[in-house]
Amino acid sequence: MDLDSIAQQRATQYENMLRLIGRQRAPSEETAPGLAATRMRSIVNCDRIAEAYRADAKVAYVSEQFPTEIVFAAGVLPWNIESMSNMLAQSLDIDQVFRLTQERELSRDICSFLRGPFGMMLAECYPRPDFVLTNDQPCEGLLKTIFMSGKRYGVPTFALHTPNLLDQDALDYLVQQIEIMLKRIAGVFQSDPDPEFLRSSIANSNRARAYYSKAARLLERHALPGVARELLEIFGMNYFGAPENIDLCKTLYEEAVVLAESRAPKRPRVMWIGQTPGESDELLRHLGRSVDVLYWAPLWEANLMGLDEEQPLRSIAERAIRYHWNAERMECDLDHITDAYQIEGYIIANTWGCRNMMAIGPTFRSLAARKRIKNLTISIDPVDRNNYAFPHIKNRVDAFLETLQ
């Protein structure tokens, strides 16, 4: 496609997105004191949305936990098709997007975290990508959606095969693939990979992640209203490698230090495991009146891992493997987090249509029993309100909360 056609297509997609933003849901009550980091994150998200629709922008669709340092090293903007849809769903009425998927006969039994981005593409709201990147996912539906997006726009799709086992052979195998991927990305723009861009991207990622990790460590010992949720939102952005993310994570850490000094009283702590509703969701507001809710995903060992600037591709490969859903590693990770953060209860969220959480739930319930941790499994839909209503599970949630008092 020539540049004029791309410019026209992205202009149309931007207008479609603006119309969607214009149909916002009614705002919900706030649940926590506003953080400066939250406002800064909103600005960063607005900036990257506006940037992605420019005619001359280089855009890559990426899947969850894809190593975005690789994308920034190529001078390209990563567009996480799943997290962008979930972020927009927190404030927008996206029922029309889901209706589009049903009109195209996409089953409602498919997870709404997949129907959302697919519907965004059907509505021509996402910016046209220059190429699509992915690595192995526990969710085969997301992997399929990624490949469908490349086919829809007629652009190259480059995939990494991420091994499940972590050993030297696996690291060598994945590093070689990353090197090939970087060359293929450069080939799209008919340029040579610039090692300086990679060094800069890795340095940006490490600086941001250092602040992020220090905020997470403070959360081990202190009640920090709003910080746990912000850690989750930054994790979901998956924007490590961008210079803007350094200031965002630094601001969050500095606010966490101030909150720690205020010595807010500790309450029972609950670990949310699974896909998560928007921060103003009725269920989370209800829980927030009685307990502190922490989120498992942003505290994963892999997510707090810095990268070796002397061997960047090898450490990117190691982190990618650690992100892979390995039941044994995940159980050990949750065991450690439970102790470090003094967790007293688990809420295991089965999202409508997510077979992965249903499959791994018994492992977590077994861990809870072994550690004498209270646990509750609920079925919800954090995105599509047509599949879930809070009153249906309120009594079970209240009974669970009573056991923590």
Side-chain angles (χ1 to χ4, degrees), residues 58-82 129-140 142-151 153 155-209 238-242 300-330 333:
K58 299 176 180 178
V59 178
Y61 284 1
V62 298
S63 53
E64 293 296 305
Q65 281 86 63
F66 186 85
T68 48
E69 293 89 353
I70 294 174
V71 188
F72 286 114
V76 178
L77 180 71
W79 186 273
N80 187 320
I81 65 168
E82 185 175 1
D130 293 285
F131 51 87
V132 174
L133 303 174
T134 188
N135 50 344
D136 281 345
Q137 301 289 320
C139 175
E140 70 278 9
L142 177 57
L143 195 60
K144 180 68 173 177
T145 304
I146 278 284
F147 277 92
M148 289 171 63
S149 67
K151 186 176 180 180
Y153 294 104
V155 298
T157 299
F158 305 136
L160 297 173
H161 174 225
T162 308
N164 197 314
L165 296 177
L166 179 56
D167 56 28
Q168 293 305 313
D169 288 342
L171 289 172
D172 291 342
Y173 172 65
L174 190 50
V175 166
Q176 185 179 38
Q177 290 183 70
I178 295 172
E179 290 172 341
I180 293 172
M181 177 177 279
L182 282 169
K183 291 178 182 177
R184 288 178 174 173
I185 292 172
V188 171
F189 303 112
Q190 299 180 346
S191 61
D192 294 324
D194 189 333
E196 186 56 40
F197 284 3
L198 179 60
R199 281 191 289 270
S200 176
S201 174
I202 297 297
N204 289 340
S205 178
N206 279 344
R207 288 180 63 193
R209 208 174 294 271
N238 193 16
Y239 214 49
F240 288 95
W300 286 343
E301 178 189 13
N303 201 52
L304 303 180
M305 173 185 167
L307 298 175
D308 184 346
E309 298 189 25
E310 297 301 318
Q311 300 185 62
L313 298 188
R314 197 166 191 81
S315 55
I316 287 174
E318 179 181 345
R319 190 187 62 198
I321 295 174
R322 291 188 182 281
Y323 267 137
H324 212 303
W325 279 41
N326 175 291
E328 183 178 350
R329 287 200 300 267
M330 294 177 80
D333 196 35

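Values reported hereafter were calculated over all heavy atoms of this structure, with side chains retained and with hydrogens, waters and symmetry mates removed. We're numbering straight along the sequence, starting at 1. Bear in mind the structure is a predicted one, so any value in this text is a computation, not a measurement.
No donor-acceptor pair closer than 3.5 Å links the side chain of D308 to the backbone N or O of S315. Under a 3.5 Å cut-off, the side chain of E309 and the backbone N or O of I202 do not form any donor-acceptor pair. A distance-only check finds no donor-acceptor pair linking the side chain of D136 to the backbone of H161 [under 3.5 Å]. At least one donor-acceptor pair under 3.5 Å links the side chain of R209 to the backbone N or O of N303. A donor-acceptor distance shorter than 3.5 angstrom exists from the side chain of T68 to the backbone of F240, with no hydrogens or angles considered. Under the 3.5 Å distance criterion, the side-chain polar atoms of N135 are left unmatched by any main-chain donor or acceptor of L160.
In this structure, Y153 and Y61 have perpendicular ring planes: the angle between them is above 60°, well past the 30° mark.
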Residues I321, R329; criterion side chain to side chain contact (heavy atoms under 4.5 Å, CB included); working and verdict:
CA-CA 11 Å; I321 295 174; R329 287 200 300 267; 4.0 Å; yes

Evaluate side chain to side chain contact (heavy atoms under 4.5 Å, CB included) for T134 paired with F147, printing each intermediate quantity in order.
CA-CA 9 Å; T134 188; F147 277 92; 4.1 Å; yes

Kindly indicate, with the supporting measurements, whether the criterion side chain to side chain contact (heavy atoms under 4.5 Å, CB included) is fulfilled by V76 and L133.
CA-CA 11 Å; V76 178; L133 303 174; over 6 Å; no

Go through I185 and I70 one step at a time and tell me if the side chain to side chain contact (heavy atoms under 4.5 Å, CB included) criterion holds.
CA-CA 10 Å; I185 292 172; I70 294 174; 4.3 Å; yes

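Partners of F66 according to the ring pair (Phe, Tyr, Trp, His ring centres under 6.0 Å) rule, which considers only residues two or more places apart in sequence or in another chain, do not exist here. For A317, the side-chain contact (heavy atoms from CB on, under 4.5 Å) test picks out L171, L174, V175, I178, with sequence neighbours left out.
The nearest pair of heavy atoms linking S205 to E69 is OG-OE2, 2.6 Å. The nearest pair of heavy atoms linking P163 to H324 is O-CD2, 3.6 Å. Looking at every heavy atom in both residues, N164 comes nearest to W325 through ND2-O, 3.9 Å. Contact detail for L166 and E318: the closest heavy-atom pair is CD1-CG, 4.1 Å. Shown here for R322 and A302, the closest heavy-atom pair between the two residues is CB-CB, 3.7 Å. Annotation for N204 and G241: closest pair ND2-O, 3.3 Å, computed over non-hydrogen atoms.
To the nearest 0.5 Å, atom CG of residue L143 and atom CE of residue M148 are 12.0 Å apart. The distance from the CH2 atom of W300 to the CE atom of M330 is 5.5 Å, given to the nearest 0.5 Å. Put simply, CG on L142 and CD on Q65 are 9.5 Å apart, with the number rounded to the nearest 0.5 Å. The CG atom of D333 sits 6.0 Å away from the CD atom of E301 when rounded to the nearest 0.5 Å. Rounded to the nearest 0.5 angstrom, L198 CG and F72 CZ are separated by 13.0 Å.
Counting only residues at least two apart or on different chains, the salt bridge (Lys or Arg N to Asp or Glu O under 4.0 Å) pairs with a member in residues 167-192 are D172-R314.
The environment of CD in E310 is sparse: at most 12 heavy-atom neighbours from other residues, nucleotides or ligands sit within 6.0 Å.
A donor and an acceptor atom, one from each side chain of E64 and N80, are located under 3.5 Å apart.
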